[in-house]
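Each chain gets a letter, A, B and so on, in the order its sequence line appears, and its residues count up from 1.
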2 protein chains.
Amino acid sequence: MAMSQTLKAIADPVRRQILELLREKSYSAGDIASKFDLSQATVSYHLKLLKKADLIRERKEKNYIYYELNATVFEEVLTWIYSLGIGGHEND
Amino acid sequence: MAMSQTLKAIADPVRRQILELLREKSYSAGDIASKFDLSQATVSYHLKLLKKADLIRERKEKNYIYYELNATVFEEVLTWIYSLGIGGHEND
DNA sequence: ACTCTATTTAGATGAAAATCTAAATAGAAA
DNA sequence: TTTCTATTTAGATTTTCATCTAAATAGAGT
C-alpha cells in the first residue's frame, strides 16, 4: 500500500515539481501555489496527497504552514527498483 | 513525459506484480494472466501500458507472445529520486 | 470582538483509469 | 481452408483523479 501511495504521488508532474521546489528549502502553501498556474485549492489538494504519502511534512509558524521535503520514504521504492535487477547499464 | 509514463505504469500494484514476475524469466501473456484474478483482456491492457512505457518488451514465438522485463528505463527515475537528496539513511 | 490573511474543505464537473464481456485478429495445426 | 488457440481490440461501465469556485476555519493583528 505504501508503495502505491508513494508512486502515485510522484506520478503526477505537478507533485514532482512541488518536491523539486522543496529540495532547496521549505515553502509556505501560498508560495508553492504561486509557482503554478492552478488555484490555491488545487495546490492544496496536491499538498494533501504528498502529505498523506509522507513525502512532505508540515511545520506551522505564524499563520503560515511551511512544507518541507521528506525523502526518506523513497527508500522502499529504491529497494523495489533495485530488486528488479535494474536500473543502470549492465544490460548491454 | 517519459517520467510520468514510467511512474504511472509502476504506480499500479498489478503492473508491479507483472514486473516482479518477469524478474525471473519471460512469460507469455496467458501465463501472466493466469496469475491474476482478472480477465485476460484486463491483463492485456496492463501489458499494453507497460509496453508503451518500455518497461517490457515482447518476443513472438510460435503463437505465443512472450514478455520480458526491460529495467533500463528506471535510470531516469533513479536519477530524479537521487536529485532530491535521497533516499538512503543519511537523514539521521 | 472584528477583520485580515493563509489555508483547507465541500461540492461539482470533466477527464482518465481499470475493469468487464463480447467480438476481432492472427497464426498454428489439422 | 477450416478449426483451434493465444492474444488484442472495441465498447460499456464504474471508479478514481485533477480541477474549479465558493464557503469554512483558524490564527494574527488591530
Side-chain angles (χ1 to χ4, degrees), chain A residues 1-22 25-70 73 77, chain B residues 1-22 25-70 73 77:
Chain A
M1 216 307 72
M3 273 286 271
S4 285
Q5 202 172 25
T6 307
L7 291 169
K8 268 201 290 198
I10 64 172
D12 183 274
V14 170
R15 291 191 290 269
R16 281 202 306 280
Q17 280 182 256
I18 292 174
L19 295 180
E20 288 163 17
L21 189 63
L22 264 29
K25 65 185 188 71
S26 59
Y27 285 91
S28 72
D31 284 351
I32 295 169
S34 74
K35 311 278 184 178
F36 295 90
D37 192 19
L38 293 169
S39 72
Q40 178 104 260
T42 296
V43 174
S44 182
Y45 157 80
H46 286 299
L47 290 171
K48 188 172 65 178
L49 294 195
L50 288 169
K51 198 167 43 177
K52 198 172 294 183
D54 197 32
L55 280 159
I56 60 175
R57 303 261 173 84
E58 67 182 23
R59 166 175 49 89
K60 285 168 213 233
E61 192 171 313
K62 289 194 75 170
N63 54 342
Y64 294 87
I65 300 180
Y66 287 95
Y67 284 100
E68 51 199 25
L69 182 61
N70 172 43
V73 74
V77 172
Chain B
M1 216 304 74
M3 274 285 272
S4 285
Q5 201 172 27
T6 305
L7 290 169
K8 267 200 292 195
I10 64 172
D12 182 276
V14 169
R15 290 192 290 269
R16 281 202 306 281
Q17 281 182 256
I18 292 173
L19 295 180
E20 288 164 17
L21 190 63
L22 264 30
K25 66 186 186 71
S26 59
Y27 284 91
S28 71
D31 284 351
I32 295 168
S34 74
K35 311 276 186 182
F36 295 90
D37 192 20
L38 293 170
S39 73
Q40 178 104 258
T42 296
V43 174
S44 182
Y45 158 79
H46 286 299
L47 290 171
K48 186 172 68 181
L49 294 195
L50 288 169
K51 197 167 47 179
K52 197 172 294 181
D54 198 30
L55 280 160
I56 60 174
R57 303 261 173 85
E58 67 183 23
R59 166 174 49 88
K60 285 169 212 235
E61 193 170 312
K62 288 194 75 172
N63 54 342
Y64 294 86
I65 300 178
Y66 287 95
Y67 284 100
E68 51 197 26
L69 182 62
N70 173 42
V73 74
V77 173

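Between B:Asp31 and B:Tyr64 the shortest side-chain heavy-atom distance does not fall below 4.5 Å.
Between B:Glu61 atom CD and C:dG27 atom P there is a gap of 15 Å when expressed in whole angstrom units. Between B:Asn63 atom CG and D:dT3 atom C1' the separation is 13 Å, expressed in whole Å. At whole-Å resolution of the value, CG in B:Leu50 and P in C:dA18 are 10 Å apart. Whole-Å rounding puts the B:Lys8 NZ to D:dT16 C1' distance at 12 Å. Protein atom CD of A:Gln40 is 14 Å distant from nucleotide atom P of D:dT19, rounded to whole Å. Distance, B:Leu38 CG to D:dT7 P: 16 Å, rounded to whole Å. Rounded to an integer number of Å, the gap from B:Ile65 CD1 to C:dT25 P is 15 Å. Separating the NZ atom of A:Lys48 from the C1' atom of D:dT25 is a distance of 15 Å, rounded to the nearest angstrom.
Between B:Ser39 and C:dT19, a side-chain N or O to OP1/OP2 separation shorter than 4.0 Å is absent. Contact between the side-chain N/O atoms of A:His46 and the OP1/OP2 oxygens of D:dT19 is found at a separation under 4.0 Å. Listed pair B:Thr42 / C:dT19 fails the phosphate criterion, with no side-chain N or O lying under 4.0 Å from OP1 or OP2. Within the 4.0 Å cut-off from OP1 or OP2 of C:dT7, at least one side-chain nitrogen or oxygen of A:Ser28 is found.
Projected onto DNA chain D by closest heavy-atom contact, B:Glu58 and A:Asp12 fall at different nucleotides, the more 5' of which corresponds to B:Glu58.
Here A:Leu49 lies in heavy-atom contact (under 4.0 Å) with sugar-phosphate atoms only. Nucleic acid contact for A:Ala41: base, since at least one base atom lies under 4.0 Å from a heavy atom of the residue. Residue A:Lys60 is out of contact with every strand shown, counting any heavy-atom pair closer than 4.0 Å. Residue-level contact check: A:Tyr67 touches the backbone only, with heavy atoms under 4.0 Å from sugar-phosphate atoms and none from bases.
Between A:Gln5 and A:Ala53, the closest heavy-atom pair is O-CB, 4.0 Å.
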| query | How far apart are the C-alpha atoms of B:His46 and B:Ile32, what are their side-chain angles, what is the distance that settles it, and do they pass the side-chain contact (heavy atoms from CB on, under 4.5 Å) test? | reply | CA-CA 11 Å; B:His46 286 299; B:Ile32 295 168; over 6 Å; no
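No side-chain donor-acceptor contact under 3.5 Å links A:Ser44 to the backbone of A:Gln40.
Results of the salt bridge (charged side-chain N to carboxylate O under 4.0 Å, His left out) test with A:Glu68 over A:Lys60, A:Arg57, A:Arg59 single out A:Arg59 as the only residue that passes.
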